Each structure stands twice: as structure tokens, then as C-alpha cells.
Number of protein chains: 2
Amino acid sequence: MEKKRGAVTIYDVAEEAGVSMATVSRVINGSPNVKPATRKKVLEAIRRLGYRPNAVARGLASKRTTTVGVVIPDISSAFFAELTRGIEDIANMYHYNIIICNSDQQKQKELQLSETLLEKQVDGLLFLGSEVTDEHREIFDGALVPVVLAATVDRKGKYPSVSIDQKQAAFDATEALIREGHREIGLICGPLTDTINAYPRYEGYRAALEKHGLSFREDLVRIGDYRYRSGISAMESLLAAPSPPTAVFVAGDEMAVAAIHAVQDAGKSVPGDVSIIGFDDIPLASQVRPQLSTVSVPMYDIGAVAMRLLTKYMNDEPVENHEVVLPHRLEFRESTRTRGED
Amino acid sequence: MEKKRGAVTIYDVAEEAGVSMATVSRVINGSPNVKPATRKKVLEAIRRLGYRPNAVARGLASKRTTTVGVVIPDISSAFFAELTRGIEDIANMYHYNIIICNSDQQKQKELQLSETLLEKQVDGLLFLGSEVTDEHREIFDGALVPVVLAATVDRKGKYPSVSIDQKQAAFDATEALIREGHREIGLICGPLTDTINAYPRYEGYRAALEKHGLSFREDLVRIGDYRYRSGISAMESLLAAPSPPTAVFVAGDEMAVAAIHAVQDAGKSVPGDVSIIGFDDIPLASQVRPQLSTVSVPMYDIGAVAMRLLTKYMNDEPVENHEVVLPHRLEFRESTRTRGED
DNA sequence: CTGTTAGCGCGTTCAA
DNA sequence: TTGAACGCGCTAACAG
């Protein structure tokens with residue numbers, strides 16, 4: 001086992017096998033134009049030397065790195081962790097690796113990270129969950145590789161994307177509450193400046209009220225930051241209002257579960273006194289009691305489909321639909337009176 | 001804005017700026033040996049051409065890629081997602097990027113992924129949460145870059161690692177239950193074939209019983225797979241036993257929360273009838289009612305410290321402690337009678 | 001302070 | 001079926 005220190009190269013293998021480096025390259029890349037006997041010689045030399053192909057050199061020569069970049073808001077959030085798993089599974093299936101960067105949804109970081117990823121010559125870029133501005137477009141356009149958006153969309157329709165219809169989903173959730181007979185329906189959602197997630201959900205909520213002839217009441221709306229703590233305070237505040245809602249659409253599961261607890265802490269029951277419906281369907285939703293009724297978003301699929309779409313672009317395969325909208329559905333569990341089979 | 005198609009190179013910039021490529025290289029790499037005036041010229045040429053340095057070429061020439069590989073069991077699990085966030089934050093701080101691969105703790109995948117990562121010439125490797133076998137060692141030894149383990153240890157002490165003392169943590173958790181006055185204490189843990197997580201926790205549990213003169217009862221032990229569903233069945237099974245335990249150490253938070261619910265579903269209360277203590281302290285633990293008392297494991301820190309350690313090795317900095325054992329602590333919440341300040 | 005010149009390890013013609 | 005030679009884009013001596 002005479003492994004050389006400092007990297008065995010294709011030349012060493014060629015020498016050891018008594019062939020040229022071109023031949024070694026051929027067997028490594030599975031070229032059919034190699035006599036079985038020589039192939040065998042080379043393979044043995046590779047094994048003897050413990051040769052490990054240098055992907056960087058290969059990348060420089062071939063202009064393909066078989067790695068894609070992923071810019072993500074926060075890998076530690078249940079939503080994006082699951083989405084990332086979808087991405088990685090498909091990437092792995094197509095023999096790509098992924099470089100992951102957390103942006104915390106800060107525009108400057110998003111831009112800088114995208115730039116870095118492009119410098120690393122990724123074969124494609126996946127941009128997740130954040131708004132695409134002209135500054136983003138400038139970078140993406142300068143990329144010589146495809147860019148696909150996931151869990152967000154390009155308002156200008158310039159980049160392909162995979163997402164769900166947020167407004168419709170929020171509409172559906174709110175309407176479900178209305179169908180349950182509620183007329184005072186509260187809303188807890190993220191900062192309305194977030195045009196990708198919060199605002200569309202807010203719009204969906206309002207649209208549902210309007211359709212059913214219910215008036216929109218500003219005092220029934222609270223803004224949170226998607227985290228548990230903020231859900232508690234938002235709900236407490238709603239409960240303390242002059243005329244509290246009998247149902248609340250909470251545009252984020254963590255906040256929704258918090259809302260349930262806030263209601264319970266106030267000595268009331270869910271869904272007895274207040275119905276709660278969430279958004280996302282992260283594992284937490286079904287790991288609490290009462291289990292949370294929520295909008296089920298296909299997180300894994302969004303990632304998987306986005307990655308699959310990216311592979312098509314990278315291989316110049318034709319793609320039929322550039323803006324994929326995956327279906328969502330309502331998952332009725334125990335925090336609303338409407339149950340699964342009703 | 002005359003951006004050339006097909007990559008602007010350092011040569012183009014040199015020509016545009018009227019200097020040699022070496023000079024361009026110098027300003028890109030922030031070498032101090034460049035006259036301010038020249039630097040300015042180059043910088044402008046770079047901007048005009050929209051030049052983006054090719055990190056692959058740089059990697060080949062410099063033999064450093066500023067990226068590290070991460071082999072992780074499952075990024076979608078709350079535990080590893082948080083740990084990964086710690087890794088990425090520190091990596092980012094030191095200007096490294098991370099390539100993440102899910103192994104699902106399958107040895108073959110672990111080996112194959114490590115190999116791929118090494119081929120990609122990562123500057124270092126982080127191996128997480130799984131057992132290190134001789135086959136792993138063979139690959140790691142063949143790597144010309146440092147390898148650091150996180151949330152696992154090398155039984156042979158060959159590789160540096162960052163983890164907690166699992167056995168001690170389990171001992172502490174079990175002892176807390178004993179101190180509460182329980183004498184029939186159950187255990188729900190992972191498959192004992194897992195020598196990194198499950199077995200040490202099992203040992204700690206037994207050690208605590210022994211220390212306090214309690215006999216170990218096989219019939220009070222159940223095996224799960226760390227997921228919610230398995231926690232439900234394990235607890236149901238325990239409750240159905242001839243003489244059920246009055247307290248259970250559940251070696252995983254998701255299963256622990258499930259255990260709470262199983263107790264409640266049986267019409268009993270936690271901690272009134274049964275005390276439950278978990279392990280890990282993932283967000284879920286404090287997002288359910290009653291809130292779960294558990295062993296708090298510094299997940300983020302394990303990742304952060306491991307990455308920091310890796311940077312030291314990559315830069316040949318001296319390191320004092322090769323086997324870092326981070327402190328754990330008991331977080332008493334509501335699923336045990338012992339509370340925070342008692 | 002700046003330019004010249006070798007490679008880095010491999011893919012890929014083009015001939016043989 | 002195989003080999004020789006060039007080039008991918010950049011870093012790193014070494015001169016000057």
C-alpha cells in the first residue's frame with residue numbers, strides 16, 4: 001500500500017499501468033473505446049495507488065462541477081430543512097452535490113452569497129424563499145448557469161420557479177373558518193412588507209372575508225415573526241381585544257401552535273371557544289394536542305421539483321412549465337371544528 | 001455594459017486595464033504590492049467587464065477550495081438542522097462554504113459521500129452523528145485534509161471530535177427522576193445497536209439505577225426509532241405492562257413528547273401520574289404543553305465548535321484539546337415534578 | 001511595484 | 001484503440 005503523500009495524479013496511474021494519461025482519463029470517464037485488457041490494467045493501477053480523481057481539475061477542464069448552489073433563508077427552520085432534504089435527495093439522484101448558504105433573508109447576504117456560489121462555478125443555482133429584486137436579477141443574469149426559484153416567485157416572470165399559490169391557500173384556510181360559522185375571524189401573520197409570504201396570505205384572508213360578505217377589521221389583525229414567542233403575544237393581544245375573534249387564521253404553524261397555547265392559558269379551549277388554523281404543516285402541527293388544522297404545503301416536493309427542474313435546465317432538456325405551482329390542501333385536525341371527514 | 005458571453009477571464013481584465021494578468025491576480029487577492037493607481041485601473045476594468053473570478057481555477061492552482069464537506073445523517077431532523085446552522089455560521093465567518101450530504105446513517109452512503117467530497121478537494125471534512133468504523137478510517141486516512149467528528153466520537157481516538165457525554169447525560173436524567181422519588185423508571189430509547197447515541201444512554205440509565213440501588217427491569221425498556229409515532233407505541237406498551245413505571249426517561253425529545261401524549265390519551269396526567277424526561281432539547285420540547293423537561297444538548301455549539309476546530313486544523317494552528325466534550329444540562333420544565341428552581 | 005513563466009490535474013481534439 | 005499536445009483560468013515563484 002504505497003500511497004504517495006500529496007496526491008496521486010492521473011500521470012502516476014498512467015505510468016503505473018504503462019499507458020498514457022489519456023487512456024486513464026478514458027477509463028475513469030467510462031469511455032467505451034478502451035480495450036478490456038487495458039481497462040483492467042488501469043483499474044488495478046488505480047486501486048494499487050489509491051488514486052482519487054481530482055474533481056477540481058476536472059471541473060476546470062470540463063467546465064462542469066456537478067455541484068449546485070442553494071441560497072436559503074435558514075436551514076434550521078423546519079420548513080426549509082424539509083425543503084432542503086427534497087433538494088438534496090434529487091440532487092444526489094442526479095449525482096450533484098449542493099453547497100448551502102443561509103441568508104437570513106437579508107438582501108445583501110443573498111446577493112453576496114449568490115455571487116460567491118457563482119464564482120465557485122456551480123452548474124446551477126437554487127434561490128429559496130425570498131423576494132427577487134432587480135439587484136438579484138443583475139447577478140442572476142450575469143450567471144452563465146440556470147437559476148431556479150423555490151418557495152418564491154419572480155414577479156417579472158423571468159426565472160423559473162416552484163411554489164404554491166399562497167393567496168389561494170390563505171383564502172381556503174380563511175374560508176374554511178367561515179364555513180364553520182365564524183364571523184369574527186382574526187389574522188396573525190408575518191410582516192406585510194414580506195411580499196412573498198406574508199402579504200399574499202393577508203390578501204387571501206381579506207379576499208375570503210369579502211367573498212362571504214364579512215367586513216375586514218383591522219383590529220383583528222396581528223403581526224408576528226413566525227416564531228413561537230410572537231404567536232403567544234399576538235394571540236394574547238387578540239384575546240384582550242374589545243370583541244375578540246372566535247377563530248383565527250395563523251399564517252405559520254409555529255405561531256399557530258403558540259396561539260392554541262395562549263388560548264388555553266386564558267382558560268379557554270380550542271376549538272371549543274376559538275378555532276385555529278395554521279399554515280405549512282410542519283411536523284410540529286401533528287405533534288401537539290390538540291393537533292393543528294393547517295394548510296398543508298408540500299415542502300419536500302417543492303425542493304425536489306425545483307431541483308429536478310434545475311437538472312433539466314442544466315442538461316438543456318426541454319421544460320414544459322417554467323412556473324410550477326404545486327397543489328396545497330387543507331389538513332383538518334383538531335384545532336378546528338371541521339374535521340377530516342366532515 | 002459589454003459583458004462577454006462565456007466567461008470573462010483574468011486575461012481580458014489584464015488587457016482592458018493594460019497590465020499583466022499577474023497584477024490583476026494581485027489586486028483580486030488583495031496583495032499590498034500594487035500601486036493604488038494601478039489597483040484602481042484594474043478594479044475599473046473588472047467592473048466594466050463584469051469579471052467574476054473563477055474559484056475552480058483558483059482552487060486548482062492554489063490547492064485550496066475554501067469549501068468543507070459535511071456528511072450528516074439527516075438535515076431535516078431538528079437536531080441536525082440546528083447543528084448544521086452552527087457549522088454554517090462559523091464556516092461563513094471564516095469564508096468557507098459547505099457541501100452538505102445526507103447519509104441516513106447508512107454506512108455505504110457515508111463512505112461513498114465522503115469519497116466524493118474528498119474528490120471535490122474540500123479543505124476539510126465534518127462527519128456527523130454516526131459511528132466511525134475501520135472502513136471510514138481508511139477513507140479518512142487517505143484524505144490529505146483534516147477530518148473532524150461532531151456529535152460522535154472515534155472509539156480509537158484517532159480523529160478529533162466535538163460531542164457531549166451521552167452516558168453521563170442519560171445518567172443525570174435518570175437520576176433526576178430517582179430524586180423525584182420514583183423507583184419504577186422506564187426507558188424508551190433508540191436501537192441499542194447504535195453505539196453512538198442509544199447504547200451510551202442505555203448505559204447511563206442503568207448506571208443511575210444501580211447507583212441508587214434500584215434493580216434494572218428489562219420489562220420497563222422499549223425501543224423506538226426517535227420518531228413521534230414510535231414514541232406513542234412505546235409508551236402505550238409501557239402503560240399496558242403488568243406494573244407500569246411511574247416515570248420514564250425517553251432518550252429523544254420527539255419520542256418523549258409522544259410519550260406525554262400517550263399518557264394523556266390513557267386518561268392519566270403528566271407529571272401527575274407519570275413523569276417524563278426527554279433528551280436533546282429541540283424546539284418542540286418547549287412548544288408543547290406540558291413543556292418537556294429534558295437534557296439540554298448544545299446542538300448549535302457542537303456544530304460551531306466543530307467547524308471552528310476544523311478551521312484550526314486547516315490552517316495548521318495549534319489545538320489544545322482534540323476531543324471536545326461540551327457541557328449538557330438538565331432543563332426542568334413541566335413534565336417532571338422537579339421544576340426549574342426547586 | 002510589475003511582468004514572465006511554469007505548472008495545478010484533467011478533458012479533448014487530432015493523429016497515428 | 002491509443003498517445004501527444006494543448007488549454008481550462010489562475011497562483012506562485014522568480015526576475016527585473
Side-chain angles (χ1 to χ4, degrees), chain A residues 4-43 45-46 49-67 116 118-123 144-145, chain B residues 4-43 45-46 49-67 116 118-123 144-145:
Chain A
K4 295 185 187 178
R5 269 293 118 196
V8 177
T9 78
I10 203 171
Y11 281 100
D12 303 321
V13 176
E15 188 176 359
E16 174 82 10
V19 299
S20 79
M21 56 153 292
T23 301
V24 177
S25 175
R26 289 194 184 93
V27 348
I28 293 173
N29 295 297
S31 160
N33 306 321
V34 181
K35 207 198 307 179
T38 16
R39 180 189 305 283
K40 185 150 169 283
K41 274 196 306 186
V42 173
L43 255 17
I46 286 179
L49 266 33
Y51 168 69
R52 181 149 42 209
N54 182 325
V56 171
R58 178 185 304 201
L60 183 59
S62 69
K63 294 180 173 302
R64 295 192 66 242
T65 56
T66 63
T67 108
T116 300
L118 260 11
E119 288 183 3
K120 296 220 169 176
Q121 309 302 117
V122 291
D123 292 337
L144 279 44
V145 298
Chain B
K4 295 186 184 178
R5 269 296 118 197
V8 178
T9 79
I10 204 173
Y11 280 101
D12 303 323
V13 176
E15 186 176 0
E16 174 84 10
V19 298
S20 78
M21 54 160 296
T23 300
V24 177
S25 176
R26 289 196 183 90
V27 347
I28 291 173
N29 295 298
S31 160
N33 307 320
V34 182
K35 204 198 311 179
T38 342
R39 181 187 306 282
K40 185 148 171 283
K41 271 197 308 186
V42 173
L43 256 17
I46 286 179
L49 267 35
Y51 169 70
R52 179 147 45 205
N54 182 325
V56 171
R58 178 184 306 199
L60 182 58
S62 69
K63 293 179 173 304
R64 296 190 66 242
T65 56
T66 63
T67 108
T116 300
L118 260 13
E119 287 183 4
K120 296 219 169 175
Q121 308 302 115
V122 292
D123 292 336
L144 280 45
V145 298

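Values reported hereafter were calculated over all heavy atoms of this structure, with side chains retained and with hydrogens, waters and symmetry mates removed. Because the structure is a prediction, the values reported are computed rather than measured. Throughout, a chain's letter reflects where its sequence line sits, starting with A, and its residues are numbered from 1.
Protein atom NZ of B:K40 is 18 Å distant from nucleotide atom C1' of C:dC1, rounded to whole Å. The CG atom of A:L60 sits 14 Å away from the P atom of D:dG7 (whole-angstrom rounding). The nearest whole Å value for the distance from the CD atom in B:Q121 to the C1' atom in D:dC10 is 16 Å. As rounded to whole Å, 15 Å separates atom C1' of D:dG3 from atom CD of A:E15. Between the CZ atom of B:R64 and the P atom of D:dG9 there is a distance of 22 Å, rounded to whole Å. Distance NZ (B:K35) to P (C:dT2): 5 Å, rounded to an integer number of Å. Counting to the nearest Å, the P atom of D:dG7 and the CG atom of B:N54 are 18 Å from each other. Note: CG (B:D12) to C1' (D:dC10) measures 13 Å, nearest angstrom.
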Output a table of nitrogen or oxygen pairs between the protein and nucleotides 11-14 of chain C separated by less than 3.5 Å.
residue : atom : partner : partner atom : Å
C:dG11  : OP1  : A:N29   : OD1          : 3.3
C:dG11  : OP1  : A:N29   : ND2          : 3.1
C:dG11  : OP1  : A:R58   : NE           : 3.1
C:dG11  : OP2  : A:S25   : OG           : 2.7
C:dG11  : OP2  : A:N29   : ND2          : 3.4

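Side-chain nitrogen and oxygen atoms of A:T9 include none within less than 4.0 Å of the OP1 or OP2 phosphate oxygen of C:dG9.
Residue B:V19 is in sugar-phosphate contact alone, with no base atom involved, counting any heavy-atom pair closer than 4.0 Å across all strands shown. Residue B:N33 is in base contact, counting any heavy-atom pair closer than 4.0 Å across all strands shown.
To the nearest 0.5 Å, atom CZ of residue B:R39 and atom CG of residue B:N33 are 9.0 Å apart. Taken to the nearest 0.5 Å, the NZ atom of B:K41 stands 11.5 Å off from the CD atom of B:E16.
Of the candidate nucleotides C:dG3, C:dG9, D:dC8, C:dG9 has the atom nearest to the side chain of B:K63. Closest to the side chain of B:A7, out of D:dC10, C:dT4, D:dG9, is D:dG9.
Residues A:Y51 and A:T9 approach most closely at CE1-C, 3.6 Å, considering heavy atoms. Nearest heavy-atom pair, A:K120 versus B:T67, reported as atom, atom and distance to 0.1 Å: NZ-CG2, 2.9 Å. Between A:A17 and A:A45 the shortest heavy-atom distance is CB-CB, 3.7 Å. Minimum heavy-atom separation, A:D123 to A:T66: OD2-N, 2.6 Å.
Between the side chain of A:T38 and the backbone N or O of A:V34 there is no donor-acceptor pair closer than 3.5 Å.
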